[in-house]
Amino acid sequence: MSKKNLIGLIVLIAFLLVIPRFFGNPYYLGVLVWSGLYSLICMGLSLFMGYCGQISLGQAGFYALGAYGSGILTARFGFEPWPALAVALVACVILALGVGLPTLRLKGHYLAMATLGFGVIIYVVADADPFGLTGGPSGFSGIPKLSVFGLALNDELRWYYFVWATVLIFLFFLLNLVNSRVGRALRSIHGGETAAKAMGVNVAKYKTQAFLLSAAMASVAGSFYAHYVGFVNPEPFNLELSIHLVTMVVIGGVTNLWGAIAGTVLLTVLTEGFRTFFKEYRLLFDGLILVVIMLLFAEGLFLGAAKKVAALVARASCLRSRRRPGASTHSTGNPEAAS
Amino acid sequence: MDPSTILQYTFAGIKIGGIYAMVALGFNIIYNTTGIINFAQGEFVMLGGMFMVTFSRIMPLGAAFPIAVLAVVIVGCFLERATIWPARNGSVISLIMITIGGSLLLKGLAMKVWGKSSFPLRHFSSEEPIKILEATIQPQTLWIISVLLLVVIVLALFFKFTLTGKAMRACAANRPAASLCGISVDRLVLLSFALSAGIGAVAGIVITPVTLVNYTCGSMYALKGFAAAVLGGLGISTGAVVGGLTIGLMECYGAALPFQGASSYKDGIALLVLLIFLCAKPSGIFGRAAISELKRF
């Protein structure tokens, strides 16, 4: 793990520990729990999108599988929450394998469209309820609370710590992964698929693994969702959510795990803060963000905007030094960024 | 199952399959000139239906039809100029992301303009079913079939005999070479968006009397049209028509299967076909693997 990432992790942990002192209100903590759940999904998605150059438009489907799997097994079949989570996870990964195996060997859009279809179909099946398990459009409740080491997660603060602890564990794991042999292979795929293949990297295998990991993380988040809310219905798991998740990743910059978390928290807080606005304009907002960021800030809003600003500063100071002959030619900004 | 029931399902399959075929044609046109899959293709279908519903309130259907198509063509051109053109040198993944963003924008705008409810449209001619061999066929189905035929014939003539059509085929075969021959690829990309927006709109207009239209209906058409395009071989027009009709028929026969909840799995069939074909023969029925290897994405 690089020093930068280690410092980042320490700062994040300190930040997370301090937040409840200032925002102890259950409502604010709830928003942060949601941010944490989405962060879990978006970290996996970021790994997959950023390093494999693929788009998954079905993360809401995997999220739904986790939620329905955990919900149905615990509420209807009397499973304990943790084994239920494991069963849902395995089922989700198997289904992801079914979608990913045929499409990831191929070029491009096939996976995007297949995952889109997958998400839509999970939604349709949950809504139509062919086996009398999902409760149809109105869903079902009675999902028990989760407990960790005998400690029941029965208030927002505990959920906050629990979800963000999970996020940190996964973040630590993913940061290590990115800087490992596997990570180097993934980055080589990102750099150029043909070149990676020529170097002996099994591109299809790594892509499939990254895809399965992203599906598994979405499933875990879904299981937490079911236990956190105690109620599951199809409405939240629509196609819009899948695209919203992609938007969160794109805002932060696709190849940046930190960016994925930052983008997720930003969008979740914004969506919650301007609830009435987003109820009407979420589609337009997401569409605009995707288009604008792809056109202007390919590296994500934070890094891209920072570079743009640095370039502007550099250019401004350049102009200033040109106007005053004899002044120092050193600029405060990054001169390379200006070119 | 007796023959007349089978015939009945066949009519239903051809009806919806004709729509998928038109969506697949739209995918192919843009794919051939740009090498990207336009995720906003389904939104063109939805917009066609929406504009038609609006215009049909103030004018006869015959007049509303071309105006609605024109409106969607303008939207398509605008979408291309505003989002695809500025990113034309970007990577394919960013272009796809942009078409996804574009589809959201169109969907979001449609929701603001027309609201969240579903709209009906009156049938083009009488709703009196016609009896054929013990089965009945709605006149609207005949409309859909004839419109599909017309679209296919016009497209075939366009690609075969006009200079622009030939240029588009050249662009599909080899983009840099076409550009070196003095073909303005830029303008062809715009034209391909206009064309596929138009075809999408036509599909949306003819299906709306049967299925209603609301702002979310586009993604399902896009998914199934894409499955149809892959089934026939991405980029191949004959393949799009065969693929579309096949998927439509499979859906309708699948819904008739005698097990519980079969009709709710109907929507899954297209995806299943897509996955099976991608496993077995990714280049589709009419495609050749060597050609798809050469594509940019």
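Just so we're on the same page: letters track the sequence lines, and every chain starts at 1.
Proximity to chain B (any heavy atom under 4.5 Å) is restricted, for A/Ile121, to the side chain, taken from C-beta onward. Contacts between A/Leu239 and chain B at a heavy-atom distance below 4.5 Å involve the side chain alone, from C-beta outward. For a residue to count as touching a neighbouring chain, one of its non-hydrogen atoms must lie under 4.5 Å from one of that chain's; by this rule A/Phe285 does not touch chain B. A/Val246 touches chain B through its side chain: at least one heavy atom from C-beta onward sits under 4.5 Å away, while N, CA, C and O do not.
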Between A/Tyr110 and B/Leu234, is the side-chain contact (heavy atoms from CB on, under 4.5 Å) condition met? List the steps. CA-CA 11 Å; A/Tyr110 297 103; B/Leu234 210 52; 3.8 Å; yes

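One distance of note links OG of B/Ser219 with CD1 of A/Ile243; it measures 7.5 Å at 0.5 Å rounding. If you take CD1 on B/Ile96 and CD1 on A/Ile55, they are separated by 5.0 Å, rounding to the nearest 0.5 Å. Rounding to the nearest 0.5 Å places CG of A/Leu283 at 10.0 Å from OG1 of B/Thr216. Annotation: the span from B/Phe39 atom CZ to A/Leu57 atom CG amounts to 5.5 Å, rounded to 0.5 Å. Atoms CG and CD1, from B/Leu105 and A/Ile289 in turn, are 10.5 Å apart once rounded to the nearest 0.5 Å.
Here the closest non-hydrogen pair linking A/Val120 and B/Met220 is CG1-CE, 3.5 Å. For the residue pair A/Val291 and B/Gly102, the shortest heavy atom distance occurs at CG2-N, 3.9 Å. Shown here for A/Met294 and B/Ser94, the closest heavy-atom pair between the two residues is SD-CB, 3.5 Å.
In terms of heavy-atom pairs under 4.5 Å with chain A, the best-connected choice from B/Gly101, B/Pro86, B/Ala222 is B/Gly101.
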Using residues 268-278 of chain B as the side-chain source, report each donor-acceptor pair under 3.5 Å to any protein atom, sequence neighbours left out, with the distance given to one decimal.
none

Between side-chain atoms of residues 108-115 of chain B and protein atoms elsewhere (two or more places apart, or another chain), which donor-acceptor pairs fall under 3.5 Å?
residue: B/Lys112; atom: NZ; partner: A/Glu280; partner atom: OE1; Å: 2.8
residue: B/Trp114; atom: NE1; partner: B/Thr54; partner atom: OG1; Å: 2.8

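Residues A/Leu284 and B/Leu104 form no side-chain contact, since every pair of their non-hydrogen atoms from C-beta on lies 4.5 Å or further apart.
More than 12 heavy atoms of other residues, nucleotides or ligands shown are found within 6.0 angstrom of CZ on A/Phe140. Around atom CZ of A/Phe277, more than 12 heavy atoms belonging to other residues, nucleotides or ligands sit under 6.0 Å away.
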